[in-house]
Engineer: 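Below you will find the structure I want to go over with you.
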Amino acid sequence: MSIVESLRPSSKQIVHMPNRRDVINVRGETVPLVFVHQLLGAPARSFDPCDGLVIVVEYNGRKFGLVVDELIGQLQVVMKSLEANYGRVNGIAGATILGDGRVAMIIDLAGIVRLASSLYMFFSSFWRLSSE
C-alpha cells in the first residue's frame with residue numbers, strides 16, 4: 001500500500017548532494033534515496049542507483065526511494081513474525097516461505113525509516129527542510 005511506483009532511474013535524475021547522499025528527481029519532486037543493502041548489512045551488486053531499481057514509497061506523507069538490486073515480483077503471502085519466532089530485527093517485519101522453499105524477508109517500512117534516520121543524518125534533515 002505504501003509503494004507509489006518503481007523505476008529504473010537515468011543518471012540525469014540522480015543528484016549527488018555535497019554530504020554524499022543521493023536524491024532523485026521524480027517528476028519535479030526531490031526524493032531522498034535509501035540504499036536498502038546498507039541499512040540491512042547485505043552485499044550489493046552496485047552502489048549506482050542507475051544499475052538497480054528505485055522503489056518510491058510514501059510513509060507519513062513523505063516520499064523516499066528505496067534502492068534495490070531487483071524486483072522479483074509481487075506475491076500474496078502469509079507472514080510469520082520474526083520477533084515471535086527468532087527475535088527483533090530492525091527494518092524487517094517478518095518472513096515467508098516461498099513456493100520453492102526459499103525464505104523471503106518482508107520489510108517494515110517504519111523500521112526502514114528509523115534505520116535510515118539514524119544512518120543518514122541527511123535523511124531526517126531533508127524531511128525537516130522539505131516540510132518547512
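Atoms considered below: every heavy atom in the structure, side chains included; atoms not considered: hydrogens, waters and symmetry mates. Starting from 1, each residue takes its place in the sequence as its number.
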Engineer: Taking side chain to side chain contact (heavy atoms under 4.5 Å, CB included) as the criterion, tell me which of Val34, Ile24, Val54, Val4 meets it with Phe64.
Structural biologist: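 When side chain to side chain contact (heavy atoms under 4.5 Å, CB included) is applied between Phe64 and each of Val34, Ile24, Val54, Val4, only Val34 qualifies.
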
Engineer: Using the test side-chain hydrogen bond (donor to acceptor under 3.5 Å, both in side chains), find all partners of Asp51 that sit at least two apart in sequence or belong to another chain.
Structural biologist: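 Residues passing side-chain hydrogen bond (donor to acceptor under 3.5 Å, both in side chains) with Asp51: Ser46.
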
Engineer: Let me confirm one number: the OG-CD1 distance from Ser2 to Ile55, rounded to the nearest 0.5 Å.
Structural biologist: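 That separation rounds to 12.5 Å.
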
Engineer: Locate the shortest heavy-atom distance separating Gly52 from Pro9; write the atom from each residue and the value.
Structural biologist: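 Shortest heavy-atom contact: O-CD, 4.1 Å.
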
Engineer: May I ask you to decide if Val78's main-chain N or O and Thr96's side chain share a donor-acceptor pair within less than 3.5 Å?
Structural biologist: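 Between the backbone of Val78 and the side chain of Thr96 there is a qualifying donor-acceptor contact (under 3.5 Å).
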
Engineer: Might you point out which heavy atoms bring Cys50 and Ser10 nearest each other, and give the distance in Å?
Structural biologist: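 Nearest pair, atom of Cys50 first, then Ser10: SG-C, 3.6 Å.
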
Engineer: Answer yes or no: is there a side-chain heavy-atom contact under 4.5 Å between Ser6 and Val56?
Structural biologist: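 Answer no - side chains too far apart.
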
Engineer: Quick one: side-chain hydrogen bond (donor to acceptor under 3.5 Å, both in side chains) partners of Arg27, sequence neighbours excluded?
Structural biologist: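 Applying side-chain hydrogen bond (donor to acceptor under 3.5 Å, both in side chains) to Arg27 gives Glu5.
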
Engineer: Can you find a heavy atom in the side chain of Val26 that is under 4.5 Å from one in the side chain of Lys63?
Structural biologist: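 SC-SC contact between Val26 and Lys63 ruled out.
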
Engineer: Would you say Leu33 and Ile14 make side-chain contact, with heavy atoms under 4.5 Å?
Structural biologist: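 Yes - at least one pair of side-chain heavy atoms lies under 4.5 Å apart.
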
Engineer: Please enumerate all residues that pass side-chain contact (heavy atoms from CB on, under 4.5 Å) together with Leu53, with sequence neighbours excluded.
Structural biologist: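 Expected list: Arg8, Val68, Leu71.
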
Engineer: Could you go through residues 102-109 and list every donor-acceptor pair under 3.5 Å that involves a side-chain atom there, pairing it with any protein atom two or more places apart or in another chain?
Structural biologist:
residue	atom	partner	partner atom	Å
Arg102	NE	Asp100	OD1	3.3
Arg102	NE	Asp100	OD2	2.7
Arg102	NH2	Asp100	OD2	3.3
Asp108	OD1	Ala110	N	3.4
Asp108	OD2	Gly111	N	3.2

Engineer: Membership question, hydrophobic clusters at under 4.5 Å side-chain separation (ILVMFWY): are Leu66 and Phe47 in the same one?
Structural biologist: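 Phe47 does not cluster with Leu66.
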
Engineer: Report, as yes or no, whether the 6.0 Å neighbourhood of atom CD1 on Ile97 holds more than 12 heavy atoms from other residues, nucleotides or ligands.
Structural biologist: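 No, CD1 of Ile97 has 12 or fewer neighbouring heavy atoms, counting only those of other groups under 6.0 Å.
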
Engineer: For Arg45, enumerate each residue passing the side-chain hydrogen bond (donor to acceptor under 3.5 Å, both in side chains) test, keeping only those at least two apart in sequence or located in another chain.
Structural biologist: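 Partners of Arg45 under the side-chain hydrogen bond (donor to acceptor under 3.5 Å, both in side chains) test: Glu70.
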
Engineer: Sequence neighbours left out, what passes side-chain hydrogen bond (donor to acceptor under 3.5 Å, both in side chains) with Ser81? Give chain and number order.
Structural biologist: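 Partners of Ser81 under the side-chain hydrogen bond (donor to acceptor under 3.5 Å, both in side chains) test: none.
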
Engineer: Any non-hydrogen side-chain atom of Val15 less than 4.5 Å from a side-chain atom of Thr30?
Structural biologist: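 No, their side chains stay 4.5 Å or more apart.
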
